[in-house]
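We're numbering straight along the sequence, starting at 1. The basis for the numbers below is simple: all heavy atoms, side chains too, and nothing from hydrogens, waters or symmetry mates. The structure displayed is predicted, hence computed values, not measured ones.
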Amino acid sequence: MQFYEDDNFLIERLADYVGAALEGGNHGIVIATRAHLDLLDVRLRQRWPGGGGGMAAPPRAYTALEADRMLPLFMADGLPDRQRFHEAIGKVIAAAAQRHPGHVYIFGEMVAILCGAVECQLRSPGGHQAAVQVERYFNELLEHHSFTLLCAYPLSAFPREQDRAMFQEVCALHGEVLPAESYDPQGSADQLRRTVASLQQQAYALACEVHDRRQVERALREVNFDPLTGLPNRSVFLDRLEMEIRKAHRTRTTVALLFIDLDHFKEINDTLGHVIGDRLLKQVGERLVAQVRECDSVSRLGGDEFTVTLSDLGNLNTVTDVAQEILAELSRPFELDGEVAYISGSVGITLYPQDAATTGELVRNADQAMYQSKKLGRNRVCYFTPGLQVAAQTRMTLGNDLRRALDTDQLRVHYQPVVDMADRRIVKAEALLRWQHPERGAISPNEFIPIAEHNGMIVALGDWVFHMALAQAVLWRAQRPRFNISVNVSPAQLYRGNDEQCSLWIERYAAAGRAGHPVMLEITEGMMLTADEGVMVRLNALHQAGIQIALDDFGTGYSSLSYLRKFDLDFIKIDQSFVCDLEHDAAHMALCDAIIVMAHKLDLKVIAEGIETPAQYELLRRAGCDYGQGFLFGRAMPAERFGKLLAGA
């Protein structure tokens, strides 16, 4: 039995073995793959006396059998069949003995026989069993025919530690076991050779186990660690937080959980691309790790959300210090392949055991505190308070009630007048949603609209308001032919997946009559800033259908001339924060003047919001403002009251 390391060693040993048989006038039978048979023929031609350099070839006194063709002759259901084997191989041996004088030498590349075709795979169940059976069948043939057998196996034939018993059984079926290396036959005892072969197999098995273990470790790392930043993922974070809670319970110490969400990270992806965004996230992870101790833990939960767990805290002031250092680190510029990016972070903090007793409660509290820091303007730290939990519970309750409000007739559309600044005649209205809760009474839009945007209800609510306003505009246009109503639009209504709604709006708008524009849409500066290509496509489709677009709350966000040119707008609405102090603040008046002039240069009309006094009205009228809206002209009111106001105006 011969072990080999590679094909070159195998062919060299085979050429020695067959060549010696041919030189002695004996006969050889070689059972191997087609490739190995071709290499053997070339090697024998080179090594035969007088054969090199294209000279005479050795006599073909050996039989070459392709393993691929021999295999089907004695295999059945993936395993060797005894009777077929004796007939197929036994007949070849008997014929060779009869035709040729001298001894018969057989070389069997057993692994090639067993793996040369799809009928049997060595690494599949039964592969080793098949090898042992073939070895036994050869031994049975030795009882009927005189031949010498050399079987070859690569070191990879028995790769696992569990294969050692099978390896020993195969070795026991042979008189000699030759290791996969050259040796001096005169100076090497059989037991030594067996030992060397055994050690080689064990070494290979160990190498396979090490490789497998590394594969398992890699798989575990992929499961437990974020592949982008190398930080522990959500699963490991929760496990570690649970361990820190138990430890703190035993030692009566405090654990702080910091929930960190990056501010305006979407802008980085949208402007610089996701590849740059991924590099920024990696750098964020590195900066967070640099700000904490070795005993602390930094994790990435997903997206732009990170957590920091601070344990063994003796001084709680340390928590605030670490949080402020994190904010300072995040505010430093990020160098990203020649690009410079600026971000900030919103941090929520909760403490064990002061705020909660379980992992789930801590995570919930930290998330609520982070949400509060976002609400207060971002780039700040907020600690969890019981009031945050009450507010969160209220939001959840209102969210559930809001889902039922539309079906139970709790919602109404009110309309606020918009006047022509030249003569104060009512020419427009803004549709504003109102909710009359059966138990809590009137609920402010400032309270329920953010909830609707968060839970997705804003799409259904916005669609309902649009159709109500369109129907009402058609009725009032009988009195005022050019009267129209503006409807506020949330970005969620124009995101991917709402194409059907946009198509329906266009269809209903066309049916209502496009002349005079019965409705127009109001979008926010935030939508302009975050709009992706899909939002722009839908907004342009609505505009091309004849629906006018107004930019609401102009001047309070991130508007710029580039955005005004990017979108097809018809109106700009000056935010009421610029209007409220016009009589007393020259700077605000100057800003309003500038906005009006700029808008007219861009062929846009201007609506001023929040007009409450005759003085404000007069200043804006003189500045050339086109339309006005505010308590001076009327508050938002039900459709019935507005209809009467419109009829009497």
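The distance from the CG atom of L280 to the CG atom of L336 is 5.0 Å, given to the nearest 0.5 Å. Once rounded to the nearest 0.5 Å, the distance linking CG of D304 with CG of D263 reads 8.5 Å. We find the CD1-CG distance between I449 and N488 to be 8.5 Å, quoted to the nearest 0.5 Å. A distance of 10.5 Å separates CD1 in I349 from CG in D355, rounded to the nearest 0.5 Å. Distance check: H437 NE2 to T408 OG1 gives 9.0 Å after rounding to the nearest 0.5 Å. Interatomic distance, CD1 of I574 versus CG of L591, reported as 9.5 Å (0.5 Å rounding).
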Side chains of residues 249-259: which donor-acceptor partners sit under 3.5 Å, not counting sequence neighbours?
{"unit_1": "T251", "atom_1": "OG1", "unit_2": "K247", "atom_2": "O", "d": "2.9"}
{"unit_1": "T251", "atom_1": "OG1", "unit_2": "T253", "atom_2": "OG1", "d": "2.9"}

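You'll find the side chain of F466 stays beyond 4.5 Å of the side chain of L461, heavy atoms only. At a threshold of 4.5 Å between non-hydrogen side-chain atoms, the residues E430 and I485 do not count as touching. Side-chain contact between F334 and V340 is absent, with no heavy-atom pair separated by less than 4.5 Å. Inter-residue side-chain proximity for E329 and L327 is flagged as unmet; no heavy-atom pair is nearer than 4.5 Å. Between L411 and W464, some side-chain heavy-atom pair lies under the 4.5 Å cut-off. With contacts defined as side-chain heavy-atom distances shorter than 4.5 Å, the pair E447/L398 qualifies. Within the 4.5 Å cutoff, no side-chain heavy atoms of F384 are placed close to those of L351. Counting heavy atoms from C-beta on, the side chains of I326 and L288 come closer than 4.5 Å.
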**Prompt:** Taking it one step at a time, do R364 and D367 satisfy salt bridge (Lys or Arg N to Asp or Glu O under 4.0 Å)?
**Reply:** CA-CA 5 Å; R364 180 200 65 195; D367 183 55; over 6 Å; no
**Request:** Step by step, work out the side chain to side chain contact (heavy atoms under 4.5 Å, CB included) result for L262 and L330.
**Result:** CA-CA 9 Å; L262 305 184; L330 294 179; 4.2 Å; yes
**Request:** Let me see the working for V381 and Q324 under side chain to side chain contact (heavy atoms under 4.5 Å, CB included), right down to the final yes or no.
**Result:** CA-CA 8 Å; V381 176; Q324 293 296 342; 4.0 Å; yes
**Request:** Might you work through the side chain to side chain contact (heavy atoms under 4.5 Å, CB included) test for I343 and I268, ending with a clear yes or no?
**Result:** CA-CA 9 Å; I343 62 169; I268 302 297; 4.0 Å; yes
**Residue pair D463, H467: steps toward the side chain to side chain donor-acceptor pair (under 3.5 Å) verdict** = CA-CA 6 Å; D463 186 55; H467 291 293; 3.2 Å; yes
**Request:** Give the C-alpha distance, both sets of side-chain angles, the deciding distance and a yes or no for side chain to side chain donor-acceptor pair (under 3.5 Å) between N233 and S235.
**Result:** CA-CA 6 Å; N233 61 16; S235 176; 4.7 Å; no
**Asked** Should Q416 and M637 be marked as a side chain to side chain contact (heavy atoms under 4.5 Å, CB included) after you check the CA-CA gap, both sets of side-chain angles, and the distance that decides it?
**Response** CA-CA 6 Å; Q416 184 174 24; M637 62 192 75; over 6 Å; no
**Request:** Just do the side chain to side chain donor-acceptor pair (under 3.5 Å) check on N317 and T320 with the steps written out, would you?
**Result:** CA-CA 5 Å; N317 291 331; T320 302; 5.7 Å; no
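Between F237 and L301, the closest heavy-atom pair is CD2-CD2, 3.6 Å. The two residues S373 and S346 have their closest heavy-atom pair at OG-CB, 3.1 Å. Shortest non-hydrogen contact noted between Y342 and P333 is CE2-CB, 3.5 Å. What you find for F306 and L281 is that their closest heavy atoms are CZ-O, 3.9 Å. Closest non-hydrogen pair, L551 versus F554, comes out as CD2-CD1, 3.5 Å. In this structure, A431 and V487 approach most closely via the heavy-atom pair CB-CG2, 4.4 Å.
Legend: residues meeting side-chain contact (heavy atoms from CB on, under 4.5 Å) with V289, ordered by chain and number and at least two apart, are L231, V298. Under the salt bridge (charged side-chain N to carboxylate O under 4.0 Å, His left out) criterion, R403 pairs with no residue, sequence neighbours left out.
No donor-acceptor pair under 3.5 Å is formed between the side chain of R332 and the backbone N or O of A328. Remark: the backbone N or O of Q493 is not paired with any side-chain donor or acceptor of S490 at under 3.5 angstrom. Side-chain N or O atoms of R434 include none that pairs as donor or acceptor with a backbone N or O of A636 at under 3.5 Å. Checking side-chain atoms of R246 against main-chain N and O of E244 turns up no donor-acceptor pair under 3.5 Å. With hydrogens and angles ignored, the 3.5 Å screen pairs no side-chain donor or acceptor of D581 with any backbone N or O of H584.
Salt bridge annotation for R300-E305: absent, with no cationic side-chain nitrogen under 4.0 angstrom from a carboxylate oxygen. Salt bridge status for D401 with R440: absent, with no side-chain N to carboxylate O gap under 4.0 Å. Between D261 and K374 a salt bridge is recorded (basic side-chain N to carboxylate O distance below 4.0 Å). Residues D407 and R404 are not paired through a salt bridge, judged by the lack of any N-O separation under 4.0 Å between the basic side chain and the carboxylate.
A cation-pi geometry, defined here as NZ or CZ lying under 6.0 Å from the six-membered ring centre and within 45° of its normal, holds between R635 and F631.
Other residues, nucleotides and ligands contribute only 12 or fewer heavy atoms inside 6.0 Å of the CZ atom of R234. Within a 6.0 Å sphere centred on NZ of K282, heavy atoms belonging to other residues, nucleotides or ligands number 12 at most.
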